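Since this is a predicted model, take the numbers as computed values, not measurements.
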Protein chains: 2
Amino acid sequence: MKISEAAARCGLGIDTIRFYERSGLLPPVARGADGKRRFSPGDVDWLILMASLRETGMPMERMRRFAELYRRGDDSISERRRMLVDHAATLAARRAGLDRCAALLAAKLKRYDDIEKGE
Amino acid sequence: MKISEAAARCGLGIDTIRFYERSGLLPPVARGADGKRRFSPGDVDWLILMASLRETGMPMERMRRFAELYRRGDDSISERRRMLVDHAATLAARRAGLDRCAALLAAKLKRYDDIEKGE
DNA sequence: CGCTTGATCTGGAGCGGCTCCAGGTGGGTA
DNA sequence: TACCCACCTGGAGCCGCTCCAGATCAAGCG
């Protein structure tokens, strides 16, 4: 499929996909006879993974490392597993941060109500 | 209190606090006779709010707007409330994103287990 | 058949949000 | 007196996009 369709499916922008390719986050993407990128469904799965990791705060450096390990094949699975487990832990931390912020907002909103009632 | 203590209490870096002041995200911070910043507990509360909003993805532009409204006093409460309610909605969306990512990671990890067992 | 439209390409500039650094000031201790 | 440390300012640097100019090419159309 074309890059526009891949972008629609993974939620990244077209420019971001090209940027990720330049940055070594993608296995080399095939090109058609016209020189344009052709994405396989597997490419899209990979893009979705990259998008998820990035959106949830994994730095590009670590994503590059992960991509490199992936290229090496099954021997690298134990290290990849470690990376994903680590990242799952940071997800939990982030969620806690979100919850703290939500609580803070709720308290603020309540104070606004009190102020307006008090007038 | 000094900037180092304020930084320790709100979780932001010293440079980030100074940057936020330059950027209009803080009410003007008082200075001692020595020209150094002196933070009140109220300043720290504000920094904690800014840190929470920023960490959870509110753009600086909106934070600046919120700070400006705050300076205007109680008349701006309805707009401030709207901003915080909006932001609470984005928190929920982010949490959903985290959960999707966590599910994806869990699926990947399971596949790794299957691959290693299969060998 | 030539012409326009639209999607893609490349390389590079610009931007948001920090983060770090050089160079300078002033208070506290030995 | 000399040193150390925290703080100051202005500006450069960095990450992760995002946008832009200028070129190419396929498809649709009068």
Nearest-Å distance for atom pair CZ/C1', residues A:Arg62 and D:dG16:
17 Å

Tell me the closest heavy-atom pair linking A:Arg38 and A:Asp43, and the distance in Å.
O-OD2, 3.9 Å

Can you tell me the distance, in whole Å, between the NZ atom of A:Lys2 and the P atom of D:dC25?
17 Å

Looking at B:Ser4, I'd like to know whether one of its side-chain N or O atoms comes within less than 4.0 Å of OP1 or OP2 on D:dC7.
yes

Within less than 4.0 Å of OP1 or OP2 of C:dT10, is there a side-chain N or O belonging to A:Arg31?
yes

If you compare every side-chain N and O of A:Arg22 against the phosphate oxygens of C:dT10 (OP1, OP2), does one of them come in below 4.0 Å?
no

Quick one: is A:Tyr20 getting a side-chain N or O under 4.0 Å of the D:dC17 phosphate, OP1 or OP2?
yes

A:Phe19 CZ - D:dC15 P separation (whole Å)
10 Å

In whole Å, what is the span from the CG atom of A:Leu12 to the C1' atom of D:dT18?
13 Å

Report the relative orientation of the aromatic rings in B:Tyr70 and B:Trp46; use parallel for angles under 30°, tilted for 30 to 60°, perpendicular for over 60°.
tilted

I need the CD1-P distance between B:Ile3 and C:dT19, as an integer number of Å.
14 Å

So, the side chain of B:Arg95 versus the backbone of A:Arg95: is there a donor-acceptor pair under 3.5 Å, distance only?
no

Provide, to the nearest angstrom, the distance between the CG atom belonging to B:Leu26 and the C1' atom belonging to C:dG17.
15 Å

Inter-residue atom distance B:Asp15.CG - B:Ile3.CD1, 0.5 Å rounding
8.0 Å

Considering heavy-atom distances to DNA chain C, does B:Asp34 or B:Pro59 have its closest nucleotide positioned more toward the 5' end?
B:Pro59

Of the listed nucleotides (D:dG16, C:dT8, D:dC7), which one gets closest to any side-chain atom of A:Met60?
D:dG16

I'd like to know whether A:Arg100 forms a side chain to side chain contact (heavy atoms under 4.5 Å, CB included) with B:Ser52, so could you lay out the CA-CA distance, the side-chain angles of the two residues, the decisive distance to 0.1 Å, and finally the verdict.
CA-CA 8 Å; A:Arg100 267 196 311 281; B:Ser52 303; over 6 Å; no

Closer than 4.0 Å, any side-chain N/O of B:Arg37 to the OP1 or OP2 of D:dC7?
no

Would you mind reading off the distance between B:Glu21 atom CD and D:dT9 atom P, rounded to a whole angstrom?
7 Å

What is the distance, rounded to the nearest whole Å, between atom CG of B:Asp15 and atom C1' of D:dG11?
12 Å

Among D:dC7, D:dG16, C:dT19, the nucleotide that comes nearest once only the side chain of A:Arg54 is considered
D:dG16

How would you label the contact of A:Arg18 with the nucleic acid (heavy atoms, under 4.0 Å): base, sugar-phosphate, or nothing?
base

Phosphate OP1/OP2 of D:dG16: any A:Thr16 side-chain N/O under 4.0 Å:
no

